[in-house]
Amino acid sequence: MPAMKIATMLVACAMALAACDLTDQAASFMPKLADQAASLMPKAFRQPEPPPPPAEPELDVKELIRANADTLFTAHPSALAVARPKRVTGRGFSVCVKAVVAGAINGQPQPITLIVIIERGKLADRRRATPQDGCAGETYEKVEAARLNPAKPQQ
C-alpha cells in the first residue's frame, strides 16, 4: 500500500511541474494569458524580463541612400529624394525614398516610391510603397545619387 501512495505523490508532483512548464510556454505565445498567469506566480519563480534592445542612434539616411541608390533601383535613379526616417519597433528604421527610374519594359522614366528598412546602419530590405505606408504625405529632401565609375575603355 505505501508504494501506491508514493507512486501517486510522484505523479502529482510531475503534473505540477509540467503545469509550470506549460505556463512558461504559454507566456511566449499568449501574452495576455501569460500576464494573468504570471500575476498568480510569485516573483521569485518568474523568468526575468529580457532587457530591451538599445535604441539605434539617428542615422544619416541621406548619405546611406545616396551611397546605395544604384542597389535600390533596377536602373540609375534621377530626382532622388528621401523622407525623414521613422523608428520601426524591433527593426531599426523605415524611410520613404522617391526617384525617377527608366522603366524595365519601355525604358521611359517613371516615378517610383520605395520603403527601405535600415537595420544596424545598413540597408536590410526594400519594397514598393503602398498607400498604407503613408509616403504620399511625407516631406522629401533631394539627394544627389552617387554615380558608379563607368568602366574605362580598354586600349
Side-chain angles (χ1 to χ4, degrees), residues 15 17-155:
M15 290 176 64
L17 290 174
C20 289
D21 186 45
L22 289 174
T23 302
D24 287 343
Q25 289 176 1
S28 62
F29 295 111
M30 298 176 276
K32 286 187 179 182
L33 292 177
D35 291 342
Q36 293 171 355
S39 66
L40 300 174
M41 197 179 288
K43 281 189 176 183
F45 297 122
R46 295 182 198 165
Q47 295 216 356
E49 293 287 325
E56 289 188 37
E58 189 75 24
L59 299 172
D60 185 3
V61 177
K62 287 174 64 173
E63 175 59 28
L64 188 63
I65 298 298
R66 183 195 70 73
N68 295 292
D70 283 327
T71 62
L72 290 174
F73 300 95
T74 56
H76 185 74
S78 62
L80 187 63
V82 178
R84 290 199 41 85
K86 296 178 186 174
R87 288 194 188 272
V88 177
T89 305
R91 286 212 69 191
F93 295 93
S94 72
V95 64
C96 296
V97 179
K98 283 185 174 183
V100 176
V101 180
I105 297 174
N106 63 6
Q108 294 295 333
Q110 56 187 341
I112 294 177
T113 303
L114 298 177
I115 288 286
V116 178
I117 304 296
I118 302 168
E119 293 177 348
R120 296 182 199 100
K122 296 182 180 179
L123 303 182
D125 194 13
R126 67 171 166 70
R127 64 174 170 80
R128 280 211 182 208
T130 63
Q132 291 81 12
D133 294 321
C135 289
E138 292 287 335
T139 304
Y140 291 86
E141 293 183 41
K142 289 185 178 184
V143 175
E144 187 64 38
R147 191 70 143 141
L148 292 176
N149 292 337
K152 293 181 181 179
Q154 295 191 358
Q155 297 173 352

Item checked: Residues in salt bridge (Lys or Arg N to Asp or Glu O under 4.0 Å) contact with Lys98, at least two apart in sequence or another chain ->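 So Lys98 forms no salt bridge (Lys or Arg N to Asp or Glu O under 4.0 Å) with any residue.
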Note to self: Using the salt bridge (Lys or Arg N to Asp or Glu O under 4.0 Å) criterion, which residues pair with Lys122? Sequence neighbours excluded.
What the structure shows: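 If we apply the salt bridge (Lys or Arg N to Asp or Glu O under 4.0 Å) test to Lys122, skipping adjacent residues, there are no hits.
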At what distance, to the nearest 0.5 angstrom, does [atom1] of [X] lie from [atom2] of [Y]?
{"X": "Glu119", "Y": "Ser94", "atom1": "CD", "atom2": "OG", "answer": "11.0 Å"}
{"X": "Arg126", "Y": "Ile115", "atom1": "CZ", "atom2": "CD1", "answer": "13.0 Å"}
{"X": "Lys142", "Y": "Leu80", "atom1": "NZ", "atom2": "CG", "answer": "11.0 Å"}

Margin query: Considering only residues two or more places apart or on different chains, which pairs with a residue in residues 131-140 satisfy side chain to side chain donor-acceptor pair (under 3.5 Å)?
Written below: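 Residue pairs with at least one partner in residues 131-140: Lys86-Glu138, Arg127-Asp133, Thr130-Gln132, Thr130-Asp133.
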Notebook entry, point to check: Among all residues two or more places apart in sequence or in another chain, which pass the side chain to side chain contact (heavy atoms under 4.5 Å, CB included) test with Leu64?
Noted result: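 Counting only residues at least two positions away or on another chain, Leu64 forms a side chain to side chain contact (heavy atoms under 4.5 Å, CB included) with Asn68, Ile118, Leu123.
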Next item on the list: Would you please name every residue forming a side chain to side chain contact (heavy atoms under 4.5 Å, CB included) with Glu141, sequence neighbours left out?
Entry: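 Partners of Glu141 under the side chain to side chain contact (heavy atoms under 4.5 Å, CB included) test: Lys62.
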Notebook entry, point to check: Tell me, which pairs form a disulfide bond (SG atoms under 2.5 Å apart) where one or both residues lie in residues 60-92, sequence neighbours left out?
Noted result: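 Listed once each, the pairs would be none.
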Check: What pairs of residues pass the disulfide bond (SG atoms under 2.5 Å apart) test when at least one of them lies in residues 84-137, not counting sequence neighbours?
Finding: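 Qualifying pairs, neighbours excluded: Cys96-Cys135.
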Item checked: Ile112 and Phe73, any side-chain heavy atoms less than 4.5 Å apart ->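 Yes - at least one pair of side-chain heavy atoms lies under 4.5 Å apart.
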Checklist line | Residue of the set Ile65, Val101, Leu72, Val95 for which side chain to side chain contact (heavy atoms under 4.5 Å, CB included) holds with Leu114 | finding: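 The passing option is Leu72.
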